[in-house]
Amino acid sequence: MSDRPSRFTPRVFSGIQPSGNLHLGNYLGAVKRFVDWQARDVETIFCMVDQHAITVWQDPADLARSTRELAAGFIAAGIDPERSILIAQSQVPEHAQLAWILNCVARMGWMRRMTQWKEKAGKNAEEASLGLFAYPALMAADILVYHATHVPVGEDQKQHIELTRDIAAKFNHDYGVDFFPETQPVIEGAGTRVMSLRDGSRKMSKSDASDAARINMTDDADAIARKIRRARTDPKPLPETAEGLETRPEARNLVNIYAALREITVEAAIAEVGGQGFGQFKPLLADLAVEKLSPIAGEMARLMDDPAQIDAILGRGAERARAIAAPILDETYRIVGFVRPA
Ligand code: AQP
C-alpha cells in the first residue's frame with residue numbers, strides 16, 4: 001500500500017468481465033492477487049462486471065453462464081465470500097447511477113485517448129456501442145462508489161485507473177470537495193501481462209479467436225499440457241539471465257508464467273531453468289501448470305453443479321455492497337445538488 005497518508009480507509013475493489021472463459025492471464029494478473037489482498041487486514045470487494053461485458057454483444061444465456069462460472073472461478077481460486085464481498089455489478093444499481101454523474105464529469109477527449117477503446121472499436125468506431133466508449137466512466141464508478149483506495153489489475157488496465165483518478169480529481173475540483181479518493185492501481189508480480197501462447201506480442205485474451213492462444217481455467221490437464229507443448233517459441237535454449245529474455249517475447253512469456261505460478265521472481269526462475277531447451281522446460285512448465293490449475297478447475301466444476309448456491313452468494317454480496325455504496329451515492333447526489341427525498 002502507498003505510504004501517503006489518506007483520510008480514506010484502505011479498501012480494495014477489482015472486477016473481471018464475464019465475457020468468455022476465465023483464463024490464465026486473468027488468474028495470474030488479477031484473481032490470484034485478489035486472494036493475496038484478501039489475506040491482508042483490508043476490506044475487499046470483487047465484482048463480475050456484467051454491465052461492462054454487454055458493451056459488445058453477449059448472448060444472454062452465455063452471459064448468465066459466464067457470470068456464474070466467473071463467480072465459481074473466484075471462489076475456487078480462494079476468494080472467500082464471507083471475508084470478501086463478491087458481487088455481480090448489475091445487482092448493485094449504485095454503480096450505474098454514479099456512472100451517469102461521472103459521464104458528465106469525464107471529457108470526450110479523455111475517452112477517445114483510451115487504448116482499449118482504440119483497439120476494440122478500431123476502424124469501426126461509428127458502429128461501436130456508446131457503452132463501449134463510456135466504459136471507463138462506469139469503471140471509475142465501480143471503484144469510486146466504494147471509495148476504493150487500491151485496485152489490483154493487470155498492466156492493460158493501468159490507463160483506466162489513471163482515468164479514474166482524473167475523473168475523481170475533476171469532480172473534487174469542480175464541486176470544491178475532497179470527496180473521492182485518489183485511487184492507486186496495484187500492478188505487481190510476474191503475471192501482470194501474460195501473453196498469447198501463439199503470439200508473444202499480444203496479450204492472452206478471452207476474445208482471441210484461437211483457443212490455443214490461452215489456457216482457460218476450465219481446461220483439463222491434457223488441454224493444458226497440449227497448449228503449453230504447442231506454444232510458439234524460438235529455437236534457442238533459455239538464457240542464463242533475465243536480461244537475455246528481453247528480446248525473446250515467447251520465451252519471456254513462458255518464464256513469466258513459470259515464475260508467477262511458482263510465486264518467485266523472474267530472476268529466481270531463470271536461476272532454476274536457465275540454459276534448458278524448450279524440450280525440457282515445456283514439460284516442466286506443463287506439470288507445474290496442471291498441479292496449480294487442475295484443482296481450481298475441479299472446484300469450479302463442483303460449484304457449477306449448484307448454480308442456486310452461487311446465486312445466493314451473489315445476492316448476499318449485493319446486500320453487503322449496497323450498504324457501502326448507497327450512502328456514498330447519496331452524498332454524491334447531495335454534492336451535485338440533486339434534491340433528495342424528504
Ligand atoms: N493477459 C493478461 N495478463 C495479465 N492480466 C490480465 N488481465 C486480463 N488479461 C490479462 C487482467 O484481468 C482482469 C480482468 O480483465 P477483464 O476481463 O475485465 O478485461 P480484459 O483486460 O479486457 O480481459 P480480456 O481477457 O482481454 O477480455 P477481452 O478479450 O474481452 O478483451 C484485469 O485486471 C486485467 O488487467
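Counting convention: from 1, in listed order, for ligands and their atoms alike.
Close approach of ligand 1 to Gly29 is summarised as follows: ligand atoms under 4.0 Å from at least one heavy atom of the residue are 4 (C), 5 (N). The ligand atoms of ligand 1 that sit less than 4.0 angstrom from a heavy atom of Gly191 are 4 (C). Which parts of ligand 1 touch His23 is read off a 4.0 Å heavy-atom cut-off, strictly below it: atoms 9 (N), 25 (O). Counting atoms of ligand 1 from 1 in the listed order, those under 4.0 Å from a heavy atom of Ser19 are 30 (O).
In terms of protein heavy atoms, atom 6 (C) of ligand 1 is closest to Gly25 O, 3.5 Å. Atom 28 (P) of ligand 1 has Ser207 OG, 3.5 Å as its closest protein atom, hydrogens excluded (heavy atom only). In this structure, the protein non-hydrogen atom closest to atom 27 (O) of ligand 1 is Lys206 NZ, 3.6 Å. Nearest non-hydrogen protein atom to atom 33 (O) of ligand 1 is Gly154 N, 3.2 Å. The nearest protein atom to atom 32 (C) of ligand 1, hydrogens excluded, is given as Gln157 CG, 3.9 Å; this is a heavy-atom distance. When hydrogens are left out, the protein atom nearest atom 21 (O) of ligand 1 is Asp156 OD2, 2.5 Å; that is the closest non-hydrogen contact. When hydrogens are left out, the protein atom nearest atom 19 (O) of ligand 1 is Gln17 NE2, 3.5 Å; that is the closest non-hydrogen contact. The nearest heavy-atom contact from the protein to atom 20 (P) of ligand 1 is Lys203 NZ, 3.5 Å.
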- Message: Working note: Glu155 + Lys158, criterion salt bridge (Lys or Arg N to Asp or Glu O under 4.0 Å); need CA distance, chi angles, decisive distance, verdict.
- Response: CA-CA 6 Å; Glu155 184 66 46; Lys158 186 168 181 235; 5.2 Å; no
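Any N or O atom pair closer than 3.5 Å counts here, and Asn26 shares at least one such pair with ligand 1. Considering backbone and side-chain atoms together, Ser14 places no N or O closer than 3.5 Å to any N or O of ligand 1. Considering backbone and side-chain atoms together, Val153 places no N or O closer than 3.5 Å to any N or O of ligand 1. At a 3.5 angstrom cut-off on N or O pairs, Pro152 does not count as close to ligand 1. The N/O atoms of Tyr135, backbone and side chain alike, include none that comes under 3.5 Å of an N/O atom in ligand 1. Residue Met204 has at least one nitrogen or oxygen atom sitting less than 3.5 Å from a nitrogen or oxygen atom of ligand 1, judged on distance alone.
A donor and an acceptor atom, one from each side chain of Asp80 and Gln38, are nowhere located under 3.5 Å apart. Ser201 and Asp199 share a donor-acceptor pair across their side chains, judged by distance under 3.5 Å alone. Side-chain contact of Gln51 with Ser90: a donor-acceptor pair under 3.5 Å is absent, judged by distance alone.
Across all their heavy atoms, Ala168 and Leu144 have their closest contact at CB-CD1, 3.9 Å. Scanning all heavy atoms of the two residues, the minimum distance from Ser205 to Arg214 falls at O-NH1, 2.9 Å.
Between Tyr258 and Phe281, the distance from one ring center to the other falls under 6.0 angstrom. Phe13 and His150 have their aromatic ring centers separated by at least 6.0 angstrom.
Taking hydrophobic clusters as Ile, Leu, Val, Met, Phe, Trp and Tyr residues chained together by side-chain heavy-atom distances below 4.5 Å, Met195 does not share a cluster with Val266. There is a path of hydrophobic side-chain contacts, each under 4.5 Å, that joins Ile45 to Val92.
Side-chain contacts under 4.5 Å among hydrophobic residues (ILVMFWY), followed directly or transitively, place Ile54 together with Leu63.
Under a 4.0 Å N-O distance rule, the pair Arg165/Glu162 does not qualify as a salt bridge.
At least one heavy atom of Gly15 sits closer than 4.0 Å to an atom of ligand 1. Look at Lys120 and you'll find a heavy atom under 4.0 Å from some atom of ligand 1. A heavy-atom separation below 4.0 Å is found between Gln116 and ligand 1. For the ligand labelled ligand 1, residue Arg214 lies outside the 4.0 Å heavy-atom shell.
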